[in-house]
Chemist: 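Supplied in C-alpha cells, the structure appears directly below.
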Amino acid sequence: MSRIAKAFENGKAFVAFLTCGDPDLETTEACVLQAAENGADLIELGIPFSDPTAEGPVIQGANLRALRGGVTTDRIFESAQRLRKATETAMVFMTYANVVFSYGAERFIRRCREIGMDGLILPDLPFEEKEEFAPLCRKYGIALISLIAPTSEDRIGMIAREAEGFLYIVSSLGVTGTRSEITTDIGAMVHIVRKNTSIPCAVGFGISTPAQARQMTRFADGAIVGSAIVRIIEQYGREAPPLVGAYVRRMKASLSEPGIEETHP
Amino acid sequence: MTNPRGRFGTHGGQYIPETLMNAVIELEKAYDRYKNDPDFCAELEQLLNEYAGRPSRLYFAEKMTRDLGGARIYLKREDLNHTGAHKINNVLGQALLARKMGKTRLIAETGAGQHGVATATAAALMGMECVVFMGEEDTRRQALNVYRMRLLGAEVVPVTTGTATLKDAVSEAMREWTKRIDDTHYCLGSVMGPHPFPTIVRDLQAVISREIRAQILAKEGRLPDAVIACVGGGSNAIGSFYHFLNDPGVRLIGCEAAGRGIHTAETAATISTGRLGIFHGMKSYFCQDEFGQIAPVYSISAGLDYPGVGPEHAWLHDCGRAEYVAVTDEEAVCAFEYLSRTEGIIPAIESAHAIAYAQKLAPSLSPEQIIVITVSGRGDKDCAAIARYRGEDLHE
C-alpha cells in the first residue's frame with residue numbers, strides 16, 4: 001500500500017501544509033516532524049514561488065520570506081531527503097508549474113522519486129494541461145494530485161476518474177487563507193467523486209478550526225490546513241515547532257470526536 | 001501535441017487554477033458564438049467608429065522621413081483613439097462580450113494605466129461596475145491615470161505584493177477573479193494569460209493592421225517593408241502584425257524594453273533575456289532565475305514592465321516570422337523627445353521604444369522603402385516622469 005493510501009487508513013486524515021524555508025529549513029524540518037508525531041497523516045511541503053497566484057496573503061508572505069532567506073529547489077530536495085529518513089509519513093510537494101518546468105520536469109520528478117516523495121500538487125495545472133507532467137509522474141511513481149473546485153460542476157467526474165493519490169477538494173472560491181464560514185455543498189461534490197473513483201478525497205482552503213475540520217470531514221476523508229499553520233510559524237518563527245505540534249494534535253483529535261451535529265441533532 | 005487548445009507552437013495553453021476553468025471555457029464558448037455574429041460585429045464597429053474614433057489615421061511623417069534620410073515613415077496613430085491608446089479596441093470588444101454573457105462587473109490589471117482607463121471608460125459607458133488592480137509603484141509613476149480611473153467611476157486597488165508592478169497587478173486580478181466569477185469578467189489587457197485571452201485580444205487588436213493594410217495600399221499602392229511596434233505583453237504589436245503575417249516581404253519588428261540594458265538585471269526584454277516557462281496561465285518566454293522564480297524586471301515604461309510576453313509573439317520569434325529587438329530607457333526617452341520636436345507628436349513612452357528602433361532602421365533603408373510605426377498611445381501621462389528622468393523637479 002502506498003504511503004498516501006496509508007494516510008487515509010487512520011480515521012479521517014489530517015493534512016498539514018508548510019512553506020519550506022520559512023523562516024529557515026531547519027525550522028521547517030522540526031515543524032514537519034512535530035506535525036507527524038502529533039498525528040498529521042500527510043504533509044504538504046510547499047516549495048516557494050515568487051508569484052503564487054492561488055495563495056492568499058498569509059502563504060504569499062511565507063513564500064516571499066522563504067525566498068528572501070535564500071531557499072532554493074535544490075536545498076528543499078536535500079531537506080526533504082533528511083525528513084524522509086526520519087519519518088514514514090506521506091509527503092507531497094506543493095508548488096507552481098514553473099518551478100517544476102524550469103528545473104527540468106524529468107529531473108525534478110526523478111529527484112522526487114529518489115528522495116522518497118509521494119506526490120506533487122500544482123494548483124496552476126488543471127486537467128487540460130496535466131499531460132505536461134503526468135507521463136513523467138507515472139514513470140517515476142509520483143502521484144500527480146488533481147484538484148476540484150466549487151465551480152468544477154460538470155468537470156468533477158472527468159477529473160475524479162483520472163485522479164491519483166488523493167483528490168484535493170477546494171472548499172470555496174478564492175485563494176488560500178482562513179475563512180470564518182464555508183458554505184459550499186461539500187457533500188454534493190464528494191457524492192459525484194465517489195461515483196467516479198475509489199481514491200480518497202480531502203478538503204482544503206479556509207479551514208483553521210476543529211469545528212470546520214469536523215464539518216468538512218463529515219463527507220470527505222480528510223481536512224487540509226495550510227494558512228493556520230503558516231501563521232503560527234510566521235508569529236513564532238524558530239520557536240514554532242512545538243506550537244505546530246500542539247495545533248496538529250488538537251486538530252487531529254477533533255477529527256475523531258463526534259461532531260456537534262451528531263451529539264445535538 | 002496532446003492538447004491543441006490555444007497553442008501557438010509550444011506556447012500558450014491554460015495553466016490556471018481549476019476554479020477558473022469553467023470561466024475560461026464559458027468565455028471561449030461565448031466568444032466563438034459572437035465573434036462572427038452580425039449584430040455583435042455591427043455593434044462593436046459602431047462603438048469603435050463613433051465612440052473610439054476609428055479608423056485611426058495613418059500619417060506620413062514627412063519631417064522625420066527627411067531628417068532620417070532613408071525609408072518613408074508612416075505613423076499609425078493609435079494615440080488619437082478615445083482614451084489615448086490602442087487599449088480601447090480590446091476593451092470595447094471584451095466589455096460588449098461580457099455584457100452578452102450577463103456579466104455586470106469588469107476587473108482589470110493595468111501597468112501604465114492606459115488599459116485601466118480604457119476599462120473604466122467602457123464600464124462607465126455600459127453601466128458596469130469596475131475594479132482595476134495596479135501596482136503601487138505604478139500608481140505613483142502614473143498618478144494622473146489613477147485619478148482618471150476614479151473619475152470614471154472605477155475602484156483602483158493598489159497592489160503591494162511582489163515588485164508592486166504590472167505582474168503583481170495581473171496576479172491580483174487573477175486572485176480576485178477566483179473569488180468572484182458569477183457576475184465578473186476579467187478584462188485582460190494584453191495578448192497573454194490563459195486561452196482564449198491571447199486569441200480574443202489579438203482578434204480585437206487586429207483592426208490596427210487591417211486598417212494599415214488598406215490605408216497604405218490607398219496611399220502608396222504597395223505594402224510596407226517593415227511594421228514596427230513596441231512589445232510588453234504584445235497587444236498593439238500583434239494587432240499591427242496580424243494582417244501581414246502571410247506577407248513575407250513585410251518585416252515585423254517588435255521592440256522590447258531593455259530598461260538599463262539587456263546585460264543588466266534591470267531589464268524587461270523577455271525575448272532577449274528570458275527563457276521558456278509557465279506563468280500567468282500560459283507557456284511562453286519569461287524573465288526568471290535558474291529555479292524558475294520570476295525575475296523583478298525593470299523598464300522606465302510601466303506598460304512594458306512585464307516579465308513575460310504573449311505566446312503568439314514567442315511563437316513568431318521561434319519560427320522567425322517576427323524579429324524582436326531591445327530598446328533601452330535612454331534610447332526611448334530620446335525618441336520621446338525626438339518625435340515631439342520633429343513631428344509635434346508626443347508618444348507614450350511605450351510607443352517611443354518603437355520610434356527609437358525606427359530611427360536606427362530608417363537610414364539603412366532606401367527612399368523607396370516604407371516603414372510603418374504604430375504609435376500605440378499618447379505621451380501626456382509620461383511627461384512628468386520623463387521630466388524627472390531628465391533631472392527636472394516636476395511633480396503632478
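Keep in mind the model is a prediction, meaning the values are calculated, not measured. So that the names make sense, note that chain A is the first sequence line, chain B the second, and so on, each numbered from 1. The figures that follow rest on heavy atoms only: side chains count, while hydrogens, waters and symmetry mates do not.
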Chemist: So which residue, K179(B), E176(B), E18(B), ends up with the most heavy-atom pairs under 4.5 Å with chain A?
Modeler: E18(B)
Chemist: Ignoring hydrogens and geometry beyond distance, is a side-chain donor-acceptor pair present between N98(A) and Q288(B) at under 3.5 Å?
Modeler: yes
Chemist: State whether a side-chain donor-acceptor pair under 3.5 Å links E290(B) with Y103(A).
Modeler: no
Chemist: Determine whether R155(A) and N22(B) make a side-chain contact, defined as any pair of heavy atoms from C-beta on separated by less than 4.5 Å.
Modeler: yes
Chemist: Does H280(B) form a side chain to side chain contact (heavy atoms under 4.5 Å, CB included) with T53(A)? I'd like the steps, not just the answer.
Modeler: CA-CA 8 Å; H280(B) 280 163; T53(A) 49; 4.1 Å; yes
Chemist: With a 4.0 Å cut-off, would you call E55(A) and R175(B) a salt bridge?
Modeler: no
Chemist: For chain A, which candidate among L20(B), T178(B), D168(B), I25(B) shows the most heavy-atom pairs at distances under 4.5 Å?
Modeler: T178(B)
Chemist: Looking at E26(A), I want to see if its CD is surrounded by more than 12 non-hydrogen atoms of other residues, nucleotides or ligands under 6.0 Å.
Modeler: no
Chemist: Quick check on I159(A) against chain B: is it the side chain, the backbone, both or neither that has a heavy atom closer than 4.5 Å?
Modeler: side chain
Chemist: Looking at E129(A) and K283(B), does any basic side-chain N land under 4.0 Å from a carboxylate oxygen?
Modeler: no
Chemist: Identify which of D289(B), I278(B), V170(B), T161(B) forms the greatest number of heavy-atom pairs closer than 4.5 Å to chain A.
Modeler: I278(B)
Chemist: Can you tell which of A54(A), G61(A), P52(A) has the highest number of heavy-atom pairs within less than 4.5 Å of chain B?
Modeler: P52(A)
Chemist: Less than 4.5 Å to any heavy atom of chain B: does that hold for the side chain of L67(A), its backbone, both, or neither?
Modeler: side chain
Chemist: N63(A) versus chain B, heavy atoms under 4.5 Å apart: side chain, backbone, both or neither?
Modeler: neither
Chemist: Picking from V100(A), L64(A), D74(A), D154(A), which has the most non-hydrogen pairs under 4.5 angstrom with chain B?
Modeler: D74(A)
Chemist: Rounded at 0.5 Å granularity, tell me how far CZ in F49(A) sits from CZ in F291(B).
Modeler: 14.0 Å
Chemist: Indicate yes or no: at least one non-hydrogen side-chain atom of F279(B) is less than 4.5 angstrom from one of D124(A).
Modeler: no
Chemist: Do R275(B) and S102(A) have side chains that get closer than 4.5 Å, going by heavy atoms?
Modeler: yes
